2 protein chains.
Amino acid sequence: MSRSRTDSIADDLEEMIFTGQFKDGDRLDEIRLAARFNVSRTPIREALQRLVSSGLAAQMPRRGVFVRQPGPVELLEMFETMAEIEGVCGRLAARRISDTALQDLAAANARCQDAIAARDTDGYYRENQLFHQIIYRQSGNGFLEKEALRLQHRLKPFRRIQLRLRGRMAQSMAEHETIVSALTDGDAGRAADALRDHVAVQGEKFHHLMSHLKSSA
Amino acid sequence: MSRSRTDSIADDLEEMIFTGQFKDGDRLDEIRLAARFNVSRTPIREALQRLVSSGLAAQMPRRGVFVRQPGPVELLEMFETMAEIEGVCGRLAARRISDTALQDLAAANARCQDAIAARDTDGYYRENQLFHQIIYRQSGNGFLEKEALRLQHRLKPFRRIQLRLRGRMAQSMAEHETIVSALTDGDAGRAADALRDHVAVQGEKFHHLMSHLKSSA
DNA sequence: ACGGGATTTTTTGTATGCAAAAAGCTTGAC
DNA sequence: GTCAAGCTTTTTGCATACAAAAAATCCCGT
């Protein structure tokens with residue numbers, strides 16, 4: 001599957017928005033971007049359209065496209081939605097999960113523990129992400145899985161931050177254990193609640209962190 | 001908010017896919033479409049990109065974009081996902097719904113009844129859709145609301161069909177009453193279950209109808 | 001100096017041109 | 001008749017050209 005110029009430009013622009021190189025409201029100038037990427041406006045415009053459809057930018061006809069960083073309210077809404085979606089995945093997965101997947105979850109959890117012991121935040125993040133992706137997959141619903149992956153990707157830059165809170169990784173691990181136990185028992189309600197709470201607390205931690213940073217600025 | 005040529009072309013193409021004017025796997029020929037819409041390839045290409053990002057078509061680099069009608073499995077997955085999302089909306093709405101919104105739901109239900117009495121399937125469909133949209137809104141989560149609307153739109157062409165089953169509209173109405181009652185009581189669990197079941201049954205009815213049509217063909 | 005309208009410049013949206021990749025066709029060996 | 005190598009045609013992806021809308025600038029009357 002070859003990647004067109006447009007694809008990589010879209011990814012680069014997304015990364016730039018994620019890393020805050022573009023502030024909220026900035027206009028994404030077609031000509032300037034074309035110059036920066038050494039291409040014509042055409043692939044730039046196609047990449048911009050993608051940003052718009054994924055919600056990272058907004059288009060105003062005849063005016064241009066502007067980056068649209070979510071404010072605190074929208075961020076909470078996104079985390080709440082993610083929490084609910086993950087809860088749904090857990091509920092379905094509790095009834096459908098395979099034994100090998102349960103082993104995979106345990107293995108991912110073990111690697112999470114190792115990463116904590118090694119103070120390897122990146123590693124923890126990666127394995128934690130995998131843990132959740134296994135559950136999406138085990139919902140047994142490919143469409144739901146794709147939606148969950150999309151949201152997970154969208155929240156990536158915000159989820160990373162809350163991991164830095166003291167003790168958060170250890171707490172997160174404990175929650176993972178609860179989730180695995182519920183899934184092992186096939187307890188749909190408990191799995192849904194555990195996953196929902198696990199993700200919801202991420203949103204709350206993030207919110208605390210944000211308001212703390214803001215008040216200390 | 002002015003609509004560019006690309007916008008209306010994208011809508012037209014979507015409608016054509018919805019109404020089955022393009023079969024699964026058909027290649028959407030840029031030149032042919034440009035001729036049909038009396039425009040150049042540029043706005044066609046932009047419209048096609050949108051179809052791809054909304055899942056109605058798939059792009060194969062250097063080959064073209066092909067319409068991608070969901071098969072029976074994916075359709076069931078989409079209905080299941082919709083059912084779960086609506087359940088989530090109901091759960092949240094049970095805690096957050098306003099009194100005026102409860103009145104709006106009752107009013108929409110009344111208009112649904114009128115439409116049934118008048119054998120007005122289109123009218124019923126419209127009011128039923130509104131009923132659900134009120135609940136999305138009352139989830140109090142704008143992000144979730146948009147996701148729900150997106151899915152509702154995507155399932156539109158398939159949801160219409162199952163209404164034609166004898167007695168389905170009346171049954172649907174009864175389910176609406178249950179939903180409103182749960183929301184009025186602020187019973188989150190019951191609202192979630194009622195909405196989930198209400199939408200899930202649509203998927204099942206649709207599935208029955210499909211396999212019936214197929215076996216009789 | 002200030003405001004408002006005309007004018008210039010910039011920017012978007014669309015059309016067209018061009019190179020490279022893929023699909024389709026031709027021809028010839030077996 | 002079949003298959004494959006080579007050529008032709010088609011189609012995509014990107015670059016460039018151009019028209020119209022929006023923004024910026026200028027000009028002038030007060």
Side-chain angles (χ1 to χ4, degrees), chain A residues 1-18 20-69 150 153, chain B residues 1-18 20-69 150 153:
Chain A
M1 184 79 81
S2 80
R3 285 168 53 80
S4 70
R5 205 71 239 281
T6 300
D7 289 325
S8 64
I9 291 172
D11 288 350
D12 286 357
L13 287 177
E14 182 184 282
E15 187 65 20
M16 288 181 183
I17 293 178
F18 275 178
Q21 289 191 242
F22 293 113
K23 310 267 177 197
D24 183 57
D26 283 359
R27 189 169 68 89
L28 293 168
D29 189 276
E30 297 179 1
I31 299 173
R32 197 180 306 273
L33 291 173
R36 175 179 309 199
F37 285 99
N38 279 323
V39 294
S40 76
R41 281 173 52 219
T42 311
I44 297 290
R45 280 177 64 85
E46 294 189 352
L48 290 183
Q49 257 209 289
R50 274 200 233 181
L51 296 189
V52 169
S53 72
S54 67
L56 269 56
Q59 181 167 32
M60 276 140 107
R62 281 281 173 200
R63 305 215 148 200
V65 358
F66 301 81
V67 337
R68 199 171 130 349
Q69 296 279 19
R150 203 169 47 83
H153 180 73
Chain B
M1 182 82 79
S2 81
R3 284 167 54 79
S4 70
R5 205 71 241 281
T6 299
D7 290 327
S8 65
I9 291 172
D11 288 350
D12 287 358
L13 286 177
E14 182 183 282
E15 187 65 20
M16 287 180 182
I17 292 178
F18 276 177
Q21 288 191 243
F22 293 114
K23 310 269 178 194
D24 183 56
D26 282 0
R27 189 170 67 89
L28 294 168
D29 189 275
E30 297 179 0
I31 298 172
R32 198 180 305 272
L33 290 173
R36 176 177 311 196
F37 285 99
N38 279 323
V39 293
S40 77
R41 281 173 51 220
T42 311
I44 297 290
R45 281 177 63 86
E46 295 191 349
L48 290 183
Q49 257 210 289
R50 273 200 232 183
L51 297 189
V52 169
S53 71
S54 68
L56 269 56
Q59 182 167 33
M60 275 140 109
R62 282 276 172 203
R63 303 215 152 197
V65 359
F66 301 81
V67 338
R68 202 172 124 355
Q69 296 279 19
R150 203 167 47 82
H153 179 73

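What you are looking at is a predicted structure, and each value in this text was computed from that prediction instead of being measured. Labels below follow one simple rule: chain letters A, B, ... track the order of the sequence lines, proteins then strands, and each chain is numbered from 1.
- The separation between Phe37(A) atom CZ and dA15(D) atom P is 13 Å, rounded to whole Å.
- Closest to the Ser40(A) side chain, of the nucleotides dT16(C), dA15(D), dT12(C), is dA15(D).
- Counting heavy atoms from C-beta on, the side chains of Glu15(A) and Asp12(A) never come closer than 4.5 Å.
- In this entry the distance linking CD1 of Ile9(A) with P of dG13(D) reads 14 Å, nearest Å.
- By the 6.0 Å contact criterion, CZ on Arg150(B) is enclosed, its count of non-hydrogen atoms from other residues, nucleotides or ligands being greater than 12.
- Across the protein-nucleic acid pair, Glu46(A) atom CD and dC14(D) atom P stand 7 Å apart, rounded to whole Å.
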| said: If you apply the rule side chain to side chain contact (heavy atoms under 4.5 Å, CB included), what do you find for Leu33(B) with Ile9(B), and how did you get there? | reply: CA-CA 10 Å; Leu33(B) 290 173; Ile9(B) 291 172; over 6 Å; no
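- Remark: Thr6(A) is in phosphate contact with dC14(D), judged by side-chain N or O atoms under 4.0 Å from OP1 or OP2.
- One can place CD of Gln49(A) at 13 Å from C1' of dT14(C), the figure rounded to the nearest angstrom.
- As judged by a 4.0 angstrom heavy-atom cut-off over every strand, Arg41(B) is placed among the base-contacting residues.
- Along DNA chain D, the nucleotide nearest to Asn38(A) and the one nearest to Asp29(B) differ in position, and the one closer to the 5' end is contacted by Asp29(B).
- At dT14(C), none of the side-chain N or O atoms of Thr42(B) fall inside 4.0 Å of OP1 or OP2 (strictly under the cut-off).
- Residue Ile31(B) contributes atom CD1, which lies 13 Å from atom C1' of dT16(C) at whole-angstrom precision.
- Atom CZ in Arg5(A) sits roughly 8 Å away from atom P in dC14(D) (whole-Å rounding).
- Put simply, Arg27(B) has a side-chain N or O that comes within less than 4.0 Å of OP1 or OP2 on dT12(D).
- Across dT11(D), dA15(C), dT12(C), the shortest atom-to-atom separation from the side chain of Pro43(B) is found for dA15(C).
- The structure places CZ of Arg32(B) at 12.5 Å from CD1 of Ile44(B), a figure rounded to the nearest 0.5 Å.
- Atom CG of Leu28(A) is separated from atom C1' of dT10(C) by 17 Å (rounded to the nearest Å).
- Ion pairing between a basic and an acidic side chain is recognised when a charged N comes within 4.0 Å of a carboxylate O; Arg50(B) and Glu14(B) show no such pairing.
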Tabulate protein N/O versus nucleotide N/O from nucleotides 21-24 of chain D, keeping only pairs under 3.5 Å, one per line.
{"residue": "dA23(D)", "atom": "OP1", "partner": "Arg63(A)", "partner atom": "NE", "Å": "3.4"}
{"residue": "dA23(D)", "atom": "OP1", "partner": "Arg63(A)", "partner atom": "NH1", "Å": "2.8"}
{"residue": "dA23(D)", "atom": "OP1", "partner": "Arg63(A)", "partner atom": "NH2", "Å": "3.1"}
{"residue": "dA23(D)", "atom": "OP2", "partner": "Arg63(A)", "partner atom": "NH2", "Å": "3.1"}

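- Summarising the geometry, atom CZ belonging to Phe66(A) is positioned 10.0 Å from atom CG belonging to Asp29(A); distances are rounded to the nearest 0.5 Å.
- For the residue pair Ser4(A) / Asp7(A), a side-chain donor-acceptor distance below 3.5 Å is found, with atom types taken as modelled.
- The shortest distance between the side-chain N/O atoms of Arg45(B) and the OP1/OP2 oxygens of dT12(D) is not below 4.0 Å.
- When the nucleotides dG13(D), dG13(C), dT14(C) are ranked by their closest atom to the side chain of Gln59(B), dG13(D) comes out on top.
- Put simply, CG on Leu48(B) is 13 Å from C1' on dT11(D), counting in whole angstrom units.
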